[in-house]
Amino acid sequence: MAIHAARGVRTLTWLACGASLAVLAVSPAYAQDAAQGATDEAVAPEGEIVVTGFRASLDAALNAKRADGGIVDVIKAEDIGKFPDTNLAESLQRIPGVVIDRDAGEGRSIVVRGLGQDFTRIRINGIEALATTGGTDSSGGANRSRGFDFNVFASELFNSITVRKSASANVDEGSLGATVDLQAARPFDYNGLRIAGSIKGRYNDLNEKIDPRAALLISNTFADGRFGVLVSAAYSKRRLNEEGFSTVRWDNGPSSQGFCAPIGLTSQGTNATQATCGPAAQGVARLPNTPANVAAYNAANDPNNFHPRLPRYGRLTHDQDRLGVTASVQWAPSDNTTITAEFLYAKLKATRQEDFLEAISFSRNAAQGGKPQTSVVEAQYDTNGALLYGVYNGVDVRAESRFDKLSTTFTQPTLTIEHAFSDSVRINARIGRAESKFRNPIQTTTTLDALNVNGYTLDFRESDRKPFIGYGFDPTNPNGALQLVGVPVVTSGTQPATVPNTTTSEIRIRPQGANNRNDVLHVDLVWDIVPDAFSVNIGGDYKKYTFDTYEFRRVNQNDTIFAPAPGSNLTTMVEGFGKGLGMPNGSVTNWLIPDLKAIAAAYDIYCNCLKSGPAGGPGDFTLSSITNGNARGNNRRIVEKDKSGFLMFDFKQDVLGIPVRGNFGVRYVETDVTAQGYQAAGGGTLVTVQNKYEDWLPSLNLSANVTDDLIVRLAAARVMARPQLGNLNPGGSITTTGNLSVTVGNPFLQPFRANTLDASFEWYHGKGAFIGLGLFYKDIGTYIQSLRNNIPFNQTGLPLNLLPANFTGDEIFQVTTPINTSGGPLKGFEINVQQPFDFLPGFLKHFGMTANYTRVKSKIDYQVSPTSTQIIRDDLLNLSPESWNATLYYDDGKFSARGSVAYRSAYLQRVPGQNNNDVEGKNSTLNVDAQLTYKINDVFELTLEGVNLTDEYNDQFISRDRNSAVVYSHTGREFLAGVRFKF
């Protein structure tokens, strides 16, 4: 077996010639996707043994893991298109302790050992990066925090992923969970000319369309291997539908001023009359004072009983184009020097259409024509307070259609110089810039509305995830109840912007974007004081991180419109909704929606101008940003300058006859933050706040070969992660449409800080066989949570002139601000098993399995409000107490197959929950994938993959006790078939 070192690079590379995947220091969960060669080992013409074949790749992975001094997992693909998953996040979920969150059925972010994306740093080609996309609202919307969106990149662009679970002084700070390194291919990774690629077709069984996916890599070395050039590219298109039921959370009976009381009872709505719900002019009649009506009203208005705020069925249509390009040039002018110049480009372009048929009254107050105009005809509740069945009069029903045009452009140039001054002294220097630009130039929502509908029905008795919804009218009739409800034009006096006590149809226009840029410089010097026994590593880093975000909205902050011209045809239709959803009999499958193109032309909505009527009125489509109370909060900027230095010692020594190796050292970092945001005063006043803090971060890693087959590893460190970007905003935002809210940041937040302990026990009990146990403990001493309080706007201390004209100041707003809290401990363990079945007879010897299981526990005290001593003690956000995955594989050198299962238990996404709820979260997931490969010859192999074979649902909930549905949607199964090739 030959071990080669790339020029100027001291890490070992296992050559798996003819293999499809080589795995370095990998979690055995990934080893099944190693090489597809025909033999376990072969002899090269030069007489050296070259590692080939599936079994040999397993051995290479385990041997490399044994040799590493820290606790790391690495995946390394030999050729382009050879990662076993089509998405990097989905590849990472096979590693012990790593779970993922999805958007539109595709992996978007990762959680490592219970710590979410804000606690995990991502480096690409050695440079810290942050890629931002715009997800659905239920998946977090546009990423304006420190989390990394993996769906920007095709997996074909990279040939290795390293997950560093233990800290060391020479690795940049900023993570409590892990540091993940993504490395693109380099020409010195290959010998001479290499051409490899793949062509696949993707089929989704929900939208029944076929999309292309292709990749190509060309690499060559010249001048006796001293100069090399590599270029790779990957392109994919992905079209799919996402369908299901959602609620935009649940709330209790008295919320939004409560329901309309029957005649003779005191109504919550201040504008009600003795006979009507709300103003007499609107003619929304109260129910008679019968025992049944009074009982239904009392049950519905009970603060312990909850109902959906916006119950709706919906279809989201996703259309994505993803292009990635890498280029790398390497030059070794001497045996002691290697210069590497790399460039990475990625472009994700997408459109998303969201179409809903929903009831909006349950989330709105009297001034908006909401719950105080809604009467309860029948109401049944579960013992836990969840609505089972309800029939209502006076319900506003809306067909809402939103269209987003989205793009993310990522660029990263990097220059790395490695030079050995002598056999014992060497230097490594790296400089680069990682830049991500997210653009959402079109985010437009249009609505059709049917006001005060009688006989609206919600029935959860058969299913709490897929209720029957009856609308009381035909939602497909273009001349029916659903219409563009505009503000009437007045012929004299002041033109109002709204209709009193009514939510009319809207045109929302909200273009926005975000920029992230990391400028990084790293230098370190290694001196082998005692060769192969003791060395010192000293170095430093400088990083300037710049983040800014912007948003525009209409100056008409009510988003209202005038009625269209008579005879206008401004509608279209959703058709065939509910395929594979298992909806109740009689459910709506077609409904009328606004036709955005027709509306845009009829109203000229993108003119950024005043089309008709007074400024700020229904005919005003002028956009504003800093001066706009609803958009102001997303106009902000953060600049962080991080200066750090480290000193680390590596050692290798026998202690009582036991080989021990490892490192110890300390890292010092100084963080200088400049935060800019806009406060409401003067229509938008720029506020700049500076904050500075420093951290000393010691670390220790030890590995002991207790026996030839047993390794014990210990690690300890102090770590830190900087606050989420949105929490540092010194300004604030006010939302006066939809969910009424005020958000204020805190630029003086201290970072998350923790002390960590790790232990790993690894038993290599046979060729390709492994059993591992990992233990970890993190004492999180400083945590950050959002504190929320529901209070009337006139108690916030903000001026009333920030509100639209139809607001009184008595409206209840959710006020949110971040604070530092004391945190708490996090602890857990991982079990990792790999077992080839080569001891079995016949064809059974070609089978094998890998599996791992992770258990994590952490309880945090969450404050509920600034005016209460009440706390909620619950799990850390994004922490799944249990996760596991398992793979059964077969490989005989010609044909290979694998089936993989990944499980993630339920986890929390928000504590305290909104709208009088304790928590919000996502229920457990079980994803099943499979892959078949047939090797035609040394050049071509056929592939067939199945992704999400069980069509797993996105199941989000609110309330621990009720587990009420917030989102319940699916995206269908996906199948990919194609060919891979290499020359």
Side-chain angles (χ1 to χ4, degrees), residues 68-72 112-123 126-128 130 146 162-181 428 430 518 520-526 535-545 640-651 662-673 691-703 713-724 749-760 776-784 820 822-827:
D68 199 280
I71 301 175
V72 300
V112 182
R113 291 178 166 179
L115 291 164
Q117 59 178 350
D118 286 316
F119 304 109
T120 301
R121 293 178 55 258
I122 310 298
R123 300 191 301 188
I127 300 297
E128 183 177 352
L130 199 161
R146 298 185 189 273
T162 303
V163 180
R164 306 183 185 277
K165 295 179 178 178
S166 63
S168 57
N170 64 339
V171 176
D172 309 26
E173 77 294 331
S175 166
L176 298 191
T179 296
V180 178
D181 281 314
N428 175 67
R430 182 183 299 111
N518 266 311
V520 178
L521 172 64
H522 168 87
V523 179
D524 71 84
L525 181 73
V526 178
S535 64
V536 60
N537 187 353
I538 186 171
D541 295 90
Y542 174 79
K543 182 183 72 174
K544 181 181 179 181
Y545 171 60
E640 283 182 352
K641 296 180 181 179
D642 308 325
K643 293 174 284 187
S644 60
F646 66 89
L647 176 65
M648 188 178 79
F649 300 93
D650 286 277
F651 60 90
N663 61 69
F664 63 93
V666 65
R667 184 177 191 88
Y668 169 79
V669 58
E670 180 182 278
T671 303
D672 193 339
V673 182
N691 190 22
K692 188 174 184 178
Y693 50 87
E694 60 183 27
D695 288 271
W696 290 91
L697 305 172
S699 60
L700 169 69
N701 289 275
L702 294 174
S703 295
R713 304 180 194 272
L714 299 174
R718 180 166 176 80
V719 294
M720 60 85 79
R722 297 178 176 91
Q724 297 96 331
L749 288 170
Q750 290 296 300
F752 302 90
R753 294 186 173 103
N755 296 320
T756 69
L757 294 172
D758 293 87
S760 179
F776 50 91
Y777 176 87
K778 301 178 189 293
D779 183 10
I780 303 173
T782 305
Y783 191 70
I784 298 171
N820 281 113
S822 58
L826 180 150
K827 54 189 174 183

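Small disclaimer: the values here were computed from a predicted structure and weren't measured. Sequence positions, counted from 1, serve as the residue numbers for this chain.
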K.L.:
Would you confirm whether S166, through its side chain, and G70, through its main-chain N or O, come within 3.5 Å as a donor-acceptor pair?
P.N.:
no
K.L.:
Can you name the nearest heavy-atom pair linking S699 to A717, along with the distance?
P.N.:
CB-CB, 3.8 Å
K.L.:
Rounded at 0.5 Å granularity, tell me how far CG in L521 sits from NZ in K544.
P.N.:
14.0 Å
K.L.:
Shortest non-hydrogen contact from P751 to T782?
P.N.:
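Minimum heavy-atom contact is O-CG2, 3.1 Å.
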K.L.:
Contact between D642 and D541 at the side-chain level, heavy atoms closer than 4.5 Å - yes or no?
P.N.:
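No, too far: nothing below the 4.5 Å cut-off.
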K.L.:
From the options K543, R123, H522, select the one residue that forms a side-chain hydrogen bond (donor to acceptor under 3.5 Å, both in side chains) with E128.
P.N.:
K543
K.L.:
Any non-hydrogen side-chain atom of Y668 less than 4.5 Å from a side-chain atom of E694?
P.N.:
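A side-chain contact exists here, since the closest heavy-atom pair is under 4.5 Å.
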K.L.:
Go through the structure and list residues passing side chain to side chain contact (heavy atoms under 4.5 Å, CB included) with Q117, not counting sequence neighbours.
P.N.:
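Residues passing side chain to side chain contact (heavy atoms under 4.5 Å, CB included) with Q117: S109, D149.
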K.L.:
Would I780 and L115 satisfy side-chain contact (heavy atoms from CB on, under 4.5 Å), going step by step from the backbone distance to the final call?
P.N.:
CA-CA 11 Å; I780 303 173; L115 291 164; 4.3 Å; yes
K.L.:
Which atoms form the tightest heavy-atom contact between I784 and Q750, and what is the distance?
P.N.:
CD1-O, 3.5 Å
K.L.:
Are any non-hydrogen side-chain atoms of D524 and N170 less than 4.5 angstrom apart?
P.N.:
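Side-chain contact under 4.5 Å: no.
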K.L.:
Quick one: are R722 and V673 in side-chain contact, heavy atoms under 4.5 Å?
P.N.:
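Result no, sub-4.5 Å side-chain heavy-atom pair not found.
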K.L.:
Should F646 and L697 count as side-chain neighbours, where that means a heavy-atom distance under 4.5 Å?
P.N.:
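SC-SC contact between F646 and L697 ruled out.
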K.L.:
If you look at every heavy atom in G823 and Y783, which pair is closest and at what distance?
P.N.:
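Looking at all heavy atoms of both residues, the closest pair is CA-CB, 3.6 Å.
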K.L.:
Once rounded to the nearest 0.5 Å, what's the spacing between atom NZ of K643 and atom CG of D672?
P.N.:
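Result: 7.0 Å between the selected atoms.
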K.L.:
Hey, does L826 have a side-chain heavy atom less than 4.5 Å from the side chain of F776?
P.N.:
yes
K.L.:
Which pair of non-hydrogen atoms, one from N701 and one from F651, has the smallest distance, and what is that distance?
P.N.:
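Looking at all heavy atoms of both residues, the shortest contact is O-CZ, 4.4 Å.
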K.L.:
State the OG-CG distance between S760 and L702, to the nearest 0.5 angstrom.
P.N.:
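Answer rounded to 0.5 Å: 12.5 Å.
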K.L.:
Do R121 and E173 sit within salt-bridge range, that is, some charged N less than 4.0 Å from a carboxylate O?
P.N.:
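Salt bridge absent between R121 and E173.
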K.L.:
Please report the interatomic distance CG(L714) to CG(L700), rounded to the nearest 0.5 Å.
P.N.:
8.0 Å
K.L.:
So, using ring pair (Phe, Tyr, Trp, His ring centres under 6.0 Å) as the criterion, who are the partners of F119 when residues are at least two apart?
P.N.:
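Scan of F119 (ring pair (Phe, Tyr, Trp, His ring centres under 6.0 Å), adjacent residues dropped) gives F752.
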K.L.:
How about L130 and R146: do any of their side-chain heavy atoms sit closer than 4.5 Å?
P.N.:
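When only atoms from C-beta onward are counted, R146 and L130 do touch, with a gap below 4.5 Å.
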K.L.:
So, N663 versus S168: side-chain donor-acceptor pair below 3.5 Å or not?
P.N.:
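Side-chain D/A pair, N663 to S168: absent.
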K.L.:
For a side chain to side chain contact (heavy atoms under 4.5 Å, CB included) with R113, tell me which candidate from T756, L176, D758, T120 qualifies.
P.N.:
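It is D758, the one option of T756, L176, D758, T120 that forms the side chain to side chain contact (heavy atoms under 4.5 Å, CB included) with R113.
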K.L.:
Applying ring pair (Phe, Tyr, Trp, His ring centres under 6.0 Å), name anything that partners F649, two or more places apart in sequence or on another chain.
P.N.:
F534, F664
K.L.:
Is any side-chain heavy atom of K641 less than 4.5 Å from a side-chain heavy atom of Y542?
P.N.:
yes
K.L.:
Carefully, step by step, assess R430 and N428 under the rule side-chain contact (heavy atoms from CB on, under 4.5 Å).
P.N.:
CA-CA 7 Å; R430 182 183 299 111; N428 175 67; 3.9 Å; yes
K.L.:
Are D695 and R753 within salt-bridge range, i.e. N to O under 4.0 Å?
P.N.:
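A salt bridge links D695 with R753.
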K.L.:
If I take atom NZ from residue K165 and atom CD1 from residue I71, how far apart are they, to the nearest 0.5 angstrom?
P.N.:
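CD1 of I71 is found 8.5 Å from NZ of K165.
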K.L.:
Is there a donor-acceptor pair under 3.5 Å between the side chain of R667 and the backbone N or O of A169?
P.N.:
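Pair found, side chain donor or acceptor close to backbone of A169.
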K.L.:
Calculate, to the nearest 0.5 Å, the distance between atoms OG and CD belonging to S644 and E670 respectively.
P.N.:
10.5 Å
